[in-house]
Amino acid sequence: MTQAASTGSEIAVPLLDLKGQFAALKDEIMPRMEEVFDSQYFINGPAVKELEEAVAAYCECESGGAVGVSSGTDALVCALMALGIGPGDEVVTTPFTFFATVGSIARVGAKPVFVDIDPVTFNIDAAGIGSVITEKTKAIIPVHLFGQVADMDAVNDVAGRHGLAVIEDAAQAIGSTYKGRKAGSLGTVGCFSFFPSKNLGGAGDGGIITTTDAELRERLAVFRNHGGQPKYYHQHVGGNFRLDTLQAAYLLVKLKCLDGWHEGRRRNAAVYDAGLADVSQVATPRILEENETIYNQYCIRAENRDGLREHLGKRKIGSEIYYPLCLHEQECFADLGYSKGDFPEAERAASEVLAVPIYPELTEEQLNHVIVSIREFYA
Ligand SMILES: *Cc1c(COP(=O)(O)O)cnc(C)c1O
């Protein structure tokens, strides 16, 4: 890059750069796109079913299946609707997640109920779930944040005791495993996002829902298409949550590369882990023995996080705060009655986390530049 050359030693490290990935696959992708255009079969074309079968197999959900949807958010909304969750119901989840997890609960008219996070994994602290369950509770949404799967045995255990559905928000965890089993196969349903910055990113918005339950798979498919069954006859009100054929065709090409990209991210994570191990002001991510993560993000905890972020910016290194304000502190959820201080671990995480570039195409030189720049800030 000319910019890097002009500043001498400084090389740029964007938070994410998808151009290299696309360039490597362009010759395979473009004919698939052309096929869809030639067919003019843009809605529910054959690639959608093909992708659903491929993802169901990839996520170990062959006994049920997968339903392609219009986004990760719509995956959550469609799942909640198909499970019959609405006004008067409560759904237990984490306050430290992307907005969509909680927004979806609110959008179907149900009430989000929060439980603080485990500071090691950033995921819902399952030990806290039991005490917030009421007769109105219908479901739990654990989020596999940054790619590390939540403590699913504990979540399923409390759900089983109270007869609750478990909706995995696996938007950041396609391919991640927990005790050797794939995310999306561990609860009642799994919700995935194909937002371009996710490990399996589309050419726009998209998502998919997985389940090991064949009957539920059919119900999800009905709700995805306005709730009509047969067409034009409605027992239910669903929505237009369909996945475009073009997205499915694009994603089918990328799915074959996914495990290789995950490997690259884990390799990069190991380089950061080693390079930052002795920096006392930084805590690198801790992945539990039972988990294998896909590192959708590599988030450190950092002392003087905002200062570090500014310093990295000066060194042309991209970073991001996932997430700066917990959900219980959002203005739109003020009527839930929570206040600052209610979830101290989530709030502490929001003030300490910083994601640094982790995408598989990063060069050794780029990784080293990130490590050196972090060390330089604390030196
Ligand atoms: C990305 C994401 C979503 C929403 O996915 P979209 O495809 O952007 O709608 C939901 N939950 C989490 C945790 C996410 O990271």
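One-based numbering, in listed order, for ligands and for the atoms of each.
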List every atom of ligand 1 that sits less than 4.0 Å from any heavy atom of [X], numbering the atoms from 1 in the order shown and giving each element.
X    : answer
A100 : 4 (C), 10 (C)
A171 : 2 (C), 3 (C), 10 (C), 11 (N), 12 (C), 14 (C), 15 (O)
T97  : 13 (C)
V143 : 13 (C)

**Q.** Near-ring test F333/F99, centroid separation under 6.0 angstrom
**A.** yes

Q. Side chain to side chain contact (heavy atoms under 4.5 Å, CB included) between F37 and L246: does it pass, once the steps are laid out?
A. CA-CA 8 Å; F37 276 100; L246 275 169; 3.8 Å; yes

Q: Classify the angle between the aromatic ring planes of F96 and F146 as parallel (below 30°), tilted (30 to 60°) or perpendicular (above 60°).
A: perpendicular

Q: Tell me which protein heavy atom sits closest to atom 9 (O) of ligand 1, plus the residue, atom name and distance to 0.1 Å.
A: T73 OG1, 2.5 Å

Q) So which protein heavy atom does atom 15 (O) of ligand 1 come closest to, and at what separation? A) Q172 NE2, 2.7 Å

Test of understanding: given a 4.0 Å heavy-atom threshold, classify the contact between [X] and ligand 1 as side chain, backbone, both, or neither.
X    : answer
N296 : neither
D74  : neither
D169 : side chain

Q: Determine whether the side chains of Q229 and H236 contain a donor N or O and an acceptor N or O closer than 3.5 Å.
A: no

Q. Going by atom types only, do H328 and E347 share a side-chain donor-acceptor pair under 3.5 Å?
A. yes

Q. So does R32 pair up with E28, basic N to acidic O under 4.0 Å?
A. no

Q. Salt bridge or not for K314 and E376, using N-O below 4.0 Å?
A. no

Q: Return a yes/no value for S193: is any of its N or O atoms, backbone included, closer than 3.5 angstrom to an N or O of ligand 1?
A: yes

Q: Examine G72 against ligand 1 and note whether any of their N/O atoms are separated by less than 3.5 Å.
A: yes

Q: Give a yes/no on ligand 1: does K198 have at least one heavy atom closer than 4.0 angstrom to it?
A: yes

Q. Would you say the side-chain atoms of T93 pair up with the backbone N or O of I141, donor to acceptor, closer than 3.5 Å?
A. yes

